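Notes to accompany the following structure.
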Amino acid sequence: MATYGPESTPTQVTAPTAANRPRPTVTAPWIRAGKGRGEPLVMVTAYDAPTARVADGAGVDLILVGDSLAMVVLGYDDTLHVTVDDMAHHTAAVARTSPRPMVVADLPWMSYHTGATDAVRNAATLVRAGAQAVKLEGGRKRLAVIEAIIDAEIPVMGHLGLTPQSFHSMGGFKVQGKDLEAAKVLVDDARALAGAGCFAVVLEGIPDVVAQLITESVDVPTIGIGAGPHCDGQVLVWHDVLGFDEQRPPKFVRRYAALQADATDALGRWVGDVRAGRFPDDSESYHLAAPTVPSLVHH
Ligand code: KIV
């Protein structure tokens with residue numbers, strides 16, 4: 001017979017680096033119950049095995065296989081170009097590393113806009129690829145779809161504010177919720193998402209005071225990106241926070257490395273060594289056992 005652990009005291013695992021003190025294995029109920037826990041949640045995007053290992057080693061709580069995949073990995077100008085198959089392919093690569101953080105995968109544009117049946121089927125594809133939850137964008141008009149996915153036992157993370165899949169209807173990547181009416185819509189949307197059962201809500205590109213108001217109005221954690229410090233957690237895109245990108249980052253990004261510059265410099269030094277005949281050297285070459293060499297040379 002299967003044994004079940006207590007609901008709110010998940011197993012303790014020890015992660016491999018000094019950055020990681022033992023932390024609970026992360027689940028949707030653990031995140032949901034963590035509202036007001038005190039310590040902010042940390043989520044970062046990752047899209048493949050190496051980026052997932054870095055995120056896990058750094059001790060984040062959640063890995064988001066975001067549809068930002070389209071822009072930071074696949075080279076598109078917006079997020080509208082990724083498909084469920086693309087998302088499943090990259091979610092599976094992340095999940096194969098068996099990370100301690102919870103893996104959340106984005107439902108891409110048009111994978112949940114055509115009705116609940118399509119949405120549930122596409123969410124299931126991402127779960128079968130290894131996600132433990134899905135994220136989708138939008139407020140009250142997505143409630144039926146959210147409820148159907150949750151009814152299929154798949155946890156849902158909401159996403160409000162600057163929702164990149166609405167790029168065209170918003171007229172670009174623009175900060176949202178800037179007037180009283182728009183802020184009120186966001187608060188009501190957030191309450192509706194929490195009421196429908198979302199275990200957390202991402203708040204993107206909204207004024208800090210609006211994010212604070214939403215955070216105080218809902219009983220599930222908010223996770224902010226460009227939404228100020230008064231959220232229950234923060235999320236950034238892997239390539240932004242690590243500087244694996246040539247473009248100037250948006251104002252809300254704090255860079256902790258310059259991997260693009262470092263990688264270009266390192267690779268450039270290898271190119272120089274090859275061209276100058278310094279690579280490979282003797283220690284980087286395989287050798288035959290000494291007695292074999294003369295006979296080889298004489299034949
Ligand atoms: O796709 C993504 O990276 C996201 C984050 C910006 C929250 O949705």
Side-chain angles (χ1 to χ4, degrees), residues 31 40-48 51-52 54-55 60-84 86-91 93-94 101-112 122-123 126 129 131 133-139 142 146 155-167 170 172-177 186 189-190 193 198-206 211 214-215 220-228 231-242 244-245 247 249-255:
I31 298 285
L41 294 165
V42 188
M43 178 161 85
V44 72
T45 65
Y47 313 92
D48 55 21
T51 55
V54 170
V60 303
D61 300 304
L62 301 108
I63 291 176
L64 172 66
V65 188
D67 61 355
S68 50
L69 167 74
M71 300 171 78
V72 297
V73 175
L74 302 179
Y76 293 114
D77 288 337
D78 54 53
T79 61
L80 307 180
H81 293 81
V82 283
T83 63
V84 174
D86 292 329
M87 293 303 301
H89 184 72
H90 286 265
T91 299
V94 166
M102 177 174 178
V103 177
V104 181
D106 262 343
L107 277 167
W109 181 60
M110 289 311 289
S111 68
Y112 57 96
N122 290 323
L126 298 182
V134 296
K135 174 167 80 60
L136 61 85
E137 298 181 3
R142 302 290 168 223
I146 289 170
V156 176
M157 178 180 279
H159 186 159
L160 294 172
L162 194 172
T163 45
Q165 292 173 12
S166 315
F167 173 75
M170 289 183 313
F173 295 113
K174 293 184 175 159
V175 174
Q176 302 293 303
L186 286 175
D189 277 344
L193 293 191
C198 286
F199 71 97
V201 180
V202 166
L203 303 177
E204 177 167 358
I206 60 175
I214 295 172
T215 301
V220 300
T222 59
I223 303 180
I225 174 163
C231 298
D232 298 303
Q234 296 290 327
V235 51
L236 281 177
V237 168
W238 198 97
H239 296 65
D240 286 344
V241 71
L242 293 175
F244 206 52
D245 187 349
Q247 287 170 15
K251 164 191 173 92
F252 59 80
V253 170
R254 188 182 296 173
R255 288 211 148 148

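Indexing begins at 1, ligand by ligand and atom by atom, following the structure's order. Just the heavy atoms: all of them, side chains too, but no hydrogens, waters or symmetry mates, feed the values below. What you are looking at is a predicted structure, and each value in this text was computed from that prediction instead of being measured.
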- Message: Students often mix this up, so state it plainly: with edges at 30° and 60°, are the rings of F167 and F173 parallel, tilted or perpendicular?
- Response: tilted

- Starting at CG of L69, measure out to CG of D106 and round the result to the nearest 0.5 Å. 9.5 Å

- Query: Y112 and side chain to side chain donor-acceptor pair (under 3.5 Å): which partner among E137, R142, Q165?
  - Reply: Q165

- Note on the structure: CD of Q234 to CG of D61, rounded to nearest 0.5 Å, is 12.5 Å

- Query: Are side-chain heavy atoms of C198 and V220 found at a separation under 4.5 Å?
  - Reply: no

- Query: Can you name the nearest heavy-atom pair linking V73 to H239, along with the distance?
  - Reply: CG2-CE1, 4.1 Å

Sub-3.5 Å pairs, protein N or O with ligand 1 N or O:
| from | atom 1 | to | atom 2 | distance (Å) |
| --- | --- | --- | --- | --- |
| ligand 1 | 1 (O) | D67 | N | 3.1 |
| ligand 1 | 1 (O) | D67 | OD1 | 3.1 |
| ligand 1 | 1 (O) | S68 | N | 3.0 |
| ligand 1 | 1 (O) | S68 | OG | 3.2 |
| ligand 1 | 1 (O) | D106 | OD2 | 3.1 |
| ligand 1 | 3 (O) | S68 | OG | 2.5 |
| ligand 1 | 8 (O) | K135 | NZ | 2.8 |

